[in-house]
Amino acid sequence: MTDLTSRPDAPTSAPARQVPDKVTVDGLEGRWDGAWTAAGAYSFDRSKERAQVYSIDTPPPTVSGSLHVGHVFSYTHTDVVARYRRMRGYEVFYPMGWDDNGLPTERRVQNYYGVRCDPSLPYDPDFTPPHQGTDGKAVKAGDQVPVSRRNFIELCERLSAEDEQQFEHLWRRLGLSVDWSMTYQTIGSTARAVSQRAFLRNLERGEAYQAEAPGLWDVTFQTAVAQAELEARDYPGAFHKVAFHRPDGEQVVIETTRPELLPACVALIAHPDDERYQHLFGTTVTSPLFGVELPVLAHPAAEPDKGAGIAMCCTFGDLTDVQWWRELRLPTRSVVGRDGRVLRDTPEWIASEDGRALYGEIAGKTTFSAREALVAALRESGDLLGEPVATQRKANFYEKGDKPLEIVTSRQWYIRNGGRDEDLRTALLGRGQELGFHPDFMRVRYDNWVGGLNGDWLVSRQRFFGVPFPVWYPLDEAGEPRYDAPITPDEAALPIDPTSDVPAGYTADQRGVPGGFVADPDVMDTWATSSLTPQIVCGWLDDPDLFARTFPMDLRPQGQDIIRTWLFSTVVRAHLENGSLPWTDAAISGWILDPDRKKMSKSKGNVVTPLGLLEEHGSDAVRYWAASARLGTDAAFEVGQMKIGRRLAIKVLNASKFVLSFGDPAEPVLTDPALVTETLDRAMLAGLAEVVATATAALESYDHTRALETTETFFWTFCDDYLELVKDRAYGAGAAAGDVPAATASARAALGIALDTLLRLFAPVLPFATEEVWSWWREGSVHRAPWPTAEPLRTAAGDADPGVVAGAGAALAALRKVKSEAKVSMRTPIEHAVLAVPPALRPAVEVALDDVRSAGRATGTLDLAEADGDAVVARDARLGEAVARS
RNA sequence: GGGCGAUUGGCUCAGUGGUAGAGCGCCUCGUUCACACCGAGGAGGUCACUGGUUCGAACCCAGUAUCGCCCACCA
């Protein structure tokens, strides 16, 4: 992990302050990224107190994957917030992490370097991987060289470093205002130490515990799976009617989709009120084929209308079985192993010779083959009634797996999350209430998830790569681990790897011998590390000073799909460890949908590379597209929207160039509010004041879309109407050379003040174009300039009515329309016209009449009359008549 | 089965009680003294459907349909 210290502040560099002849948005990204880095524009100043800091818990992208359009989309949302807050005067704590922990990285490192992790091996400091860069061509599992966990982690960090450079390049090009001196890796030593320390403290307080219990198990990855990683999928199956037998020969027929679990059956169960089975409760039946005597029991979880209404309870076919097994205190008769195959040893509870022979035939088979074999046997014995009926059932899958999960008994670590503890659940629901969700309705997902938890958080995984549990167990005289007496390391020694490090008081040669010790073999779930990102970035481990300035954080940006995982687990950890929320607000981004309204996916072949997008349209344009979509709302991938953004950025450059042509930016001609005397100019500033107020309020409530929309709408009116209206006046047309009439000075100052304000309003969304213009006439970076406030504008505007601009604009529009409908040039002079104006607009038009005249090229007479309706009507003797609404 | 969100002109989306909006696309015209990555103007919608509340509903209520997602459902 890179050191989290920030660079000292340096003044931003100031390129030559002059307006270029030709402007372009192309190439701004490289220039300004370089300048920002050189100037330390986004360096975090850690001398600021917590109240002055805005800290962001950025999602660390998975480096072994690739960034896609969705990342660009959501990270832009966050950057808009960061830039806004920075301009509001906050010191923004905005680090970037790289997620290189977990299965995707494990796989990639295996394939890339041709190695696999074997924690039993010692660390080899001189290890050189057999392959390198075999991208696309995976090294086959058999050819992979086993290496120690430490070597594996080193390779992971090495490979990640290459990916990180590419990612950083993209993020810089996109204009993320991250402090690039502050990055972390989720498998880095800080992250490992934080994960281990947090775990040890959970353990100390009794929040972490281990238990031997039946749990969901993926037979492909051979690891336990947590509730949050489940995915219910359709899975083809078949109902089999199977007859059990009473001593008197009567058949009891059940239906099952898993006949291969027949040898694991421990009871038949029906609902206590089910009339059909009353006479069976308390009696026994024997299972077909295996002849095992089984009780018939009553339990309310049995549903009379499912299948035959009476179920065979096996250890374990599903979670209901687990419930029955637990509540009815049934024996454990597992037959499916961790590899998904039927256990080799014939179980002792199968007594009959035929049964034992049959079991021998299915031993070692996959559940699929075992099912076929048993169905054949049932058919032969006559215990299969009718033929199996195909059905589409829902089965639980590990989200990364492709085989249904089995339930096996294993020893696992858990962290309490309210799933078994009402008080904790209530407290965590309370945290959800405290947290500001944006949009607010996303809170429901949190509530649903927390309310529906049915067990504690399973944090151990039977993988080799990951953050190891910092725990050893003493071995007794017989060499059996004493799980009830775990040995833990000193916090100062973290991170440790118990498979290579030796606990205090032991020597290395005592590993694995009776009376010695043994390492906990498991690693933590990746969420067990990811849930600590606030603690990792804020220096919880070893930088209490930084921690005090940044924690609890302000914002967690993330996707809606991981509210139940990342968001919730982070809340759990902070609640347990810090007694607070990890952040005050969560910004939830929506999905990017392709034109078919489907979630963008690689398989659709419509994946667009983000860098290509940025190169084609320009970063400001792509950011504009992203910023146009509200938080929590799915957005279409819309190239058209990017083109609009590009047009806006270009317009900003051109309009700025124009405004800045009216005076030396160093002089107060473009900045002094006292010069703004004309009513139209003051009205424009009054309107701008409203825009500032609206945009600010919107951004305060994480509604960047409204802020952008409000600003943009004003800007286009500013360009199309106001700028055109005051153009001639600003030029000083008609005045003697060297003489600047007050009306001219008024227009120029108003234009300059508006430009200054608009640039700052646009800066969070269009960081490159606005910075470019800022450099033409201002010191420093626009991104460190203060966010505009409405008050000075209101003061400059005085009592001017912002509606004046609209009124004058309507008058101008009417004159334009006359020309447009007459199909003549806009420069065609209007020689003799009448403007019929509604009474409400009359004062506005009167006050701006000279500007309307010059903008409309009304060189002759232009008389005012009263209009009947609420629209302005222009009548020209030569060109005709046109109606324009304001 | 429960929940959340969505449904507005060809497209992407604003619009939470008072006579339907924007941009894009389209059509017409114009222009190069900030901007052709330009400007002006225009056409285009019974606001998914059915009821209800209200003087008045895109908006509130009830229900229906379609789409997306989350949760539950594995005998």
Side-chain angles (χ1 to χ4, degrees), chain A residues 19 22-26 230 232-235 237 239-240 242 254-258 261 268-270 301-303 306-314 317-321 324 391-396 404-405 439 441-449 451-452 454 560-561 563-564 590-591 593 595 597-599 617-618 621 625 628-630 632-641 643-644 646-662 705-706 709 712-713 716 719-720 723-724 727 731 812-813 815-828 882 884:
Chain A
V19 183
K22 280 276 181 187
V23 298
T24 172
V25 293
D26 294 319
L230 295 184
R233 295 185 204 153
D234 285 322
Y235 192 70
F239 287 117
H240 302 74
V242 176
I254 59 99
E255 285 190 35
T256 180
T257 55
R258 303 209 51 190
L261 291 179
L268 297 191
I269 296 172
E303 295 180 39
K306 263 192 191 172
I310 186 162
M312 74 170 184
C313 172
C314 306
D318 61 38
L319 293 172
T320 314
D321 286 343
W324 286 331
T391 176
Q392 199 68 244
R393 65 194 189 107
K394 289 279 188 186
N396 277 323
L405 297 174
F441 66 76
M442 289 293 178
R443 177 180 287 106
V444 177
R445 300 194 181 201
Y446 178 96
D447 291 343
N448 286 348
W449 178 252
N454 54 32
Q560 55 189 312
D561 53 329
I563 288 175
R564 62 178 181 167
W591 299 118
L593 306 177
R597 302 259 72 184
K598 298 273 164 48
K599 191 179 160 188
H617 303 284
W625 159 73
S628 302
R630 294 185 295 181
T633 303
D634 295 346
F637 174 72
E638 259 273 298
V639 172
Q641 201 67 13
K643 292 184 171 160
I644 298 166
R646 183 179 174 85
R647 199 181 65 141
L648 175 63
I650 292 168
K651 193 81 174 178
V652 165
L653 294 181
N654 279 308
S656 300
K657 185 177 84 156
F658 181 58
V659 168
L660 294 178
S661 71
F662 289 119
T705 313
R706 178 176 293 277
E709 185 190 26
E712 190 188 1
T713 302
W716 284 107
C719 289
D720 295 340
L723 216 49
E724 294 299 329
K727 204 180 240 182
Y731 277 134
L812 176 58
L815 295 177
R816 283 168 174 164
K817 197 166 171 182
V818 163
K819 298 178 190 178
S820 188
E821 291 183 351
K823 299 189 191 302
V824 298
S825 159
M826 286 299 136
R827 305 183 73 190
T828 306

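Below, chains carry the letters A, B, ... as their sequence lines are ordered, and counting in each starts from 1.
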Could a donor-acceptor pair under 3.5 angstrom be found where the side chain of A:Arg646 meets the base of B:C37?
-> yes
Can you tell me how far C1' of B:C73 sits from CZ of A:Arg233, to the nearest Å?
-> 17 Å
Under 3.5 Å donor-acceptor, A:Lys817 side chain and A:Ala884 backbone | no
For B:A14, the Watson-Crick or wobble partner whose two distances fall under 3.5 Å | none
Does B:G1 have a Watson-Crick or wobble partner in any strand here, with both distances under 3.5 angstrom, and which is it?
-> B:C71
With both distances under 3.5 Å as the test, what is the Watson-Crick or G-U wobble partner of B:A40?
-> B:U28
Smallest heavy-atom separation, A:Gly632 atom then A:Phe441 atom, equals O-CZ, 4.2 Å
For A:Met312 against A:Asp321, the heavy-atom pair lying closest together = O-OD1, 4.0 Å
Whole-Å distance between B:U16 C1' and A:Phe441 CZ?
-> 15 Å
Atom pairs, N/O to N/O, protein against nucleotides 41-43 of chain B, distance under 3.5 Å?
unit_1	atom_1	unit_2	atom_2	d
B:G41	O4'	A:Ser820	OG	3.1
B:G42	OP1	A:Lys817	NZ	2.5

Here the distance between atom P of B:C37 and atom NZ of A:Lys643, to the nearest Å, is 13 Å
Rounded to whole Å, the CG-P distance (A:Leu593 to B:C69) equals 9 Å
